[in-house]
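Numbers restart at 1 for each chain; the letters A, B, ... are given by sequence-line order, proteins then strands. Scope of the values below: all heavy atoms of this structure, side chains included, with no hydrogens, waters or symmetry mates.
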There are 2 protein chains.
Amino acid sequence: MSRKATIGDVAKRAKVSPTAVSRWLNGGLELPEATGARIRNAVAALDYQPHAQARRLSKGKAEAIGIVVPDISNAFFALLAGEAERIAVASGHDVVIWSSRNRIERELACFDRLRAGYIDGLLLITNHEDDGRLAERIRSMPGRVVIIDEDVVGSEAPSFFVENEFGGYEATRHLIEHGHRRIAHIGGPKGVMSAIERARGWRRALSEAGITPETQWHVFTEYEVEPATRDAVQLFALDPLPTAIFAGSDAVALGVMTQARRRGIAIPEDISLVGFDGMPINDLLGPPLTSIAQPIDDLGRRGAERLLAMINGEPFEVTRTRLPVELVTRASVAAPRKEKF
Amino acid sequence: MSRKATIGDVAKRAKVSPTAVSRWLNGGLELPEATGARIRNAVAALDYQPHAQARRLSKGKAEAIGIVVPDISNAFFALLAGEAERIAVASGHDVVIWSSRNRIERELACFDRLRAGYIDGLLLITNHEDDGRLAERIRSMPGRVVIIDEDVVGSEAPSFFVENEFGGYEATRHLIEHGHRRIAHIGGPKGVMSAIERARGWRRALSEAGITPETQWHVFTEYEVEPATRDAVQLFALDPLPTAIFAGSDAVALGVMTQARRRGIAIPEDISLVGFDGMPINDLLGPPLTSIAQPIDDLGRRGAERLLAMINGEPFEVTRTRLPVELVTRASVAAPRKEKF
DNA sequence: ACGCTTTACTAAAGCGATTTACAACGGGCT
DNA sequence: AGCCCGTTGTAAATCGCTTTAGTAAAGCGT
């Protein structure tokens, strides 16, 4: 196998200078048809492709963006990343995906990649509370970072969230309308914006209905199935049991379902359940899961578009966009059992 | 914000040559503690990081691998890619993920990236029949490609598959043992190895039980929920209905479930169902889905390990490894209803 | 005091593109 | 004839790092 053709080889074959080839290929030089044809033929004959690294070094651009997600094998993030990837690839950028596994060191490492020029910009999706280091890194790279889905307190970057408070409110309203009053909430970690806001919506709906939640009705967990399964135990230890549960994400709802199944508690007959995310699979769960649907595609798309625009020179501006959510009713909610007094 | 520090700045500050800095940092030069400390301090003071593109150009390595999946937002591929990513990152490589959306042009484009040096190696996961172009590209880049999960006919590369035939056989045996005899199969596309092998296992099990499948019992679809939902219609048009269905993947089984639900057909009471993949979510479906579990993590891990080893100079060798599968029984299989004659 | 080895580094040549600045040439105008 | 200008290019610098091939100085044995 012969060495890969370089621009010099093409130039030699087309009997012009490398400069001419480069400029002609990149559209910076008009040449008579005959010369153009010679270059075109040489490129074809040698199957020439500009060397990625050399080009990047010269241009000072990586033509790539990074996406940091807590875990790419989580369907929600896979969906989000998939959409962002689609947008980025369409505009000629490569996409490097990192699973941070919620380790802040891994997230910080991605910023090193950014500084080192591996990528031109970063789409950041976190899942946990920042200790200040992330925010500092984000501020240090203005115009290079877009935040999606979950806030990083004190950061300054364009960000795209959903209406978490309203979603929590709607979910809880829906349960109240079905006659529930003992409505527990198992949500994301303390200190995380989405968890705080969703819980706030839950409280507001309860309060409007004249219900005062007991402290133990609110359980904190992580937005993953395993931890949620573990922490859901606290819900099932309540006496009396809640008649309904608002889960802070669909993954958390999956944890609740797992735990309910283990204990022979039927959903929705014994306990009603509402999730948050609106994953496509919800339709097929047992039972199909009522959930607050997020516009996942929009989050990914708009985040990616904004990042690419900034990379291409759109002025840096700190915006915080809220995208709407929507209640999707399925079969995991029913009226509570009649209680005996 | 000042310009990023270069190796020259570090050298100046540490009062040595750039060569010394480079070699010392890369472990190619032993220096007295005092000099080392000066460099270390300079690096820290300037917050120096080697420029990614320059380093790559110099070394002739991208320190990155690519992963091509049909669709990253499909949970199976997300799981696979996630595991491969973990391995690659652990060895200091970046991971570029492409969703091919089963368009062969997009897959070919990834090979251009490989040739252009954007990445050092490619982990290829396809889902469809090749027209020969993929195989040719793979052959043209020996030692740079590893194939996972699905064969590319005529390619020459290390590959990791699962025991599809045995899986199909086991799934069908399981149904036969429950008393089923009218067992249909809806599987992946014609011409795709996994689909052919799984169907072969299905046929063998039937044949051993003295059952001759009718032609219409075998429906072809794609390994995605949407197409499977559409094509499952053919199964429900059969008269008499099959009492059991072996689906070629869990996504296909999801399609069957969707269609059954629409028609008010109960699983497993009216029809039993077995899937293939063993996705974690199967536990929580309605009903929990019996399935042939693939060692997804192993596929991703071993594929990535092999690719990295080849990049690091392990001799190129065409191997085809088969990983074992395992029947995981859940609630989607029951005995067939008694028939009236 | 001489040559040899070891220590502690460095100069300069790449890597393969892009880009800036400039040059040769022919033709039209005055 | 001399000048200008558009066309058709080219030479050389640059991006920031790695790496090959050395060199200067110190140490050491005899």
Can you measure [X] atom [atom1] to [N] atom [atom2] for me and round it to whole angstrom units?
X       : N      : atom1 : atom2 : value
B:His51 : D:dT14 : NE2   : P     : 17 Å
A:Asn26 : C:dT20 : CG    : P     : 12 Å
B:Lys12 : C:dT10 : NZ    : P     : 14 Å
B:Leu57 : C:dA17 : CG    : P     : 9 Å
A:Arg55 : D:dC17 : CZ    : P     : 21 Å
A:Ile7  : C:dC15 : CD1   : P     : 15 Å
B:Glu33 : C:dT7  : CD    : P     : 17 Å
A:Gln53 : C:dT18 : CD    : C1'   : 15 Å

Inset, instruction - Ignoring backbone atoms, test whether B:Ser58 places a side-chain nitrogen or oxygen under 4.0 Å from the OP1 or OP2 oxygen of D:dT18. - result: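 No.
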Inset, instruction - Please check the phosphate of D:dC17 (OP1 and OP2 only) for any side-chain N or O of B:Tyr48 closer than 4.0 Å. - result: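 Affirmative; the distance criterion is met.
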Please tabulate, for the side chains in residues 12-19 of chain B, all donor-acceptor contacts under 3.5 angstrom to protein atoms that are two or more places apart in sequence or on a different chain.
{"from": "B:Ser17", "atom 1": "OG", "to": "B:Thr19", "atom 2": "N", "distance (Å)": "3.4"}
{"from": "B:Ser17", "atom 1": "OG", "to": "B:Ala20", "atom 2": "N", "distance (Å)": "3.1"}

Looking only at side chains, do [X] and [Y] share a donor and an acceptor under 3.5 Å apart?
X        : Y        : result
B:Glu150 : B:Ser194 : yes
A:Asp71  : A:Ser73  : yes
B:Ser155 : B:Arg137 : no
B:Glu107 : B:His128 : yes

Inset, instruction - Between D:dT18, C:dT18, C:dG16, spot the one nearest the side chain of A:Ala54, thanks. - result: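 Nearest to the side chain of A:Ala54 among the choices is C:dG16.
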Legend entry - Side chain to side chain, B:Ile72 and B:Trp98, heavy atoms closer than 4.5 Å: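 Result no, sub-4.5 Å side-chain heavy-atom pair not found.
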Legend entry - Closest non-hydrogen atom pair between B:Gly117 and B:Ala62, with its separation: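 B:Gly117 and B:Ala62 have their closest heavy atoms at O-CB, 3.3 Å.
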Within the sub-3.5 Å range, which N or O atoms of nucleotides 9-13 of chain D have a protein N or O partner, and how far apart are they?
{"from": "D:dG9", "atom 1": "OP2", "to": "A:Thr35", "atom 2": "OG1", "distance (Å)": "2.7"}
{"from": "D:dT10", "atom 1": "OP1", "to": "A:Ser17", "atom 2": "N", "distance (Å)": "3.3"}
{"from": "D:dT10", "atom 1": "OP2", "to": "A:Ser17", "atom 2": "N", "distance (Å)": "2.7"}
{"from": "D:dT10", "atom 1": "OP2", "to": "A:Ser17", "atom 2": "OG", "distance (Å)": "2.7"}
{"from": "D:dT10", "atom 1": "O4", "to": "A:Arg23", "atom 2": "NH1", "distance (Å)": "3.0"}
{"from": "D:dA11", "atom 1": "N7", "to": "A:Thr19", "atom 2": "OG1", "distance (Å)": "3.4"}
{"from": "D:dA11", "atom 1": "N6", "to": "A:Thr19", "atom 2": "OG1", "distance (Å)": "3.0"}
{"from": "D:dA12", "atom 1": "N6", "to": "A:Thr19", "atom 2": "OG1", "distance (Å)": "3.3"}

